[in-house]
Amino acid sequence: MIEVTIQISIIMLVISVFIALYRFFKGPTTADKVIAADTIVTNGKGIIALYAIYSGNKIFVIVVLTLTILSFVGTTLYAKFHDRGKIID
């Protein structure tokens with residue numbers, strides 16, 4: 001039963017990635033594109049985490065944690081650049 005639930009969840013996340021990809025390519029502003037990219041990474045992390053549960057392979061948890069850190073840093077740097085116009089003070 002859990003396998004079916006995971007498979008359905010992965011399908012829903014993949015659909016969400018495609019919707020975010022549309023926003024990424026059609027977004028009129030850079031902020032829209034950054035939010036869409038962050039959404040794509042977040043959904044990708046969910047897909048990887050669900051696959052880790054499905055396969056039982058624990059290495060994917062480390063991949064998800066690494067992507068989480070990189071995504072946070074990237075979004076934070078963009079927000080700082082958007083606010084101040086430069087990243088390093």
Side-chain angles (χ1 to χ4, degrees):
M1 182 65 181
I2 190 79
E3 291 85 10
V4 174
T5 306
I6 290 173
Q7 290 171 353
I8 292 171
S9 299
I10 289 174
I11 291 170
M12 291 173 68
L13 284 171
V14 168
I15 292 169
S16 178
V17 166
F18 283 119
I19 293 170
L21 277 171
Y22 174 77
R23 173 50 50 198
F24 181 77
F25 288 116
K26 296 294 276 189
T29 65
T30 306
D32 288 333
K33 293 180 180 190
V34 169
I35 291 170
D38 193 42
T39 303
I40 291 167
V41 172
T42 301
N43 289 335
K45 291 183 295 189
I47 292 168
I48 294 170
L50 287 170
Y51 183 73
I53 294 169
Y54 182 75
S55 68
N57 196 346
K58 296 177 184 175
I59 193 71
F60 290 114
V61 175
I62 296 170
V63 172
V64 169
L65 290 175
T66 305
L67 282 173
T68 301
I69 292 169
L70 291 174
S71 174
F72 172 75
V73 169
T75 304
T76 305
L77 286 176
Y78 174 75
K80 186 175 180 182
F81 176 74
H82 185 69
D83 185 42
R84 299 183 186 165
K86 57 184 176 178
I87 296 174
I88 300 174
D89 291 327

Between atom [atom1] of [X] and atom [atom2] of [Y], what is the distance when rounded to the nearest 0.5 Å?
X   : Y   : atom1 : atom2 : answer
L21 : T39 : CG    : OG1   : 10.5 Å
F72 : L77 : CZ    : CG    : 9.5 Å
N43 : D38 : CG    : CG    : 9.5 Å
I47 : I40 : CD1   : CD1   : 10.5 Å
I8  : L50 : CD1   : CG    : 11.5 Å
S16 : I11 : OG    : CD1   : 13.5 Å

4.5 Å side-chain heavy-atom contact, L70 and V41: no
Beyond-backbone contact of I6 with I10, side-chain heavy atoms, under 4.5 angstrom: yes
Kindly give the heavy-atom pair with the smallest separation between [X] and [Y], and that separation in Å.
X   : Y   : result
P28 : D32 : CD-OD2, 3.2 Å
V64 : A49 : CG2-N, 3.9 Å
G46 : L13 : C-CD1, 3.7 Å
A20 : A36 : O-CB, 3.6 Å

Any donor-acceptor pair under 3.5 Å from T66 side chain to I62 backbone: yes
Report yes or no: do [X] and [Y] belong to one cluster of Ile/Leu/Val/Met/Phe/Trp/Tyr joined by side chain heavy-atom distances under 4.5 Å?
X   : Y   : answer
F25 : V17 : yes
F24 : F18 : yes
V73 : L67 : no

Aromatic ring pairing H82/Y78, orientation class (parallel under 30°, perpendicular over 60°, tilted between): parallel
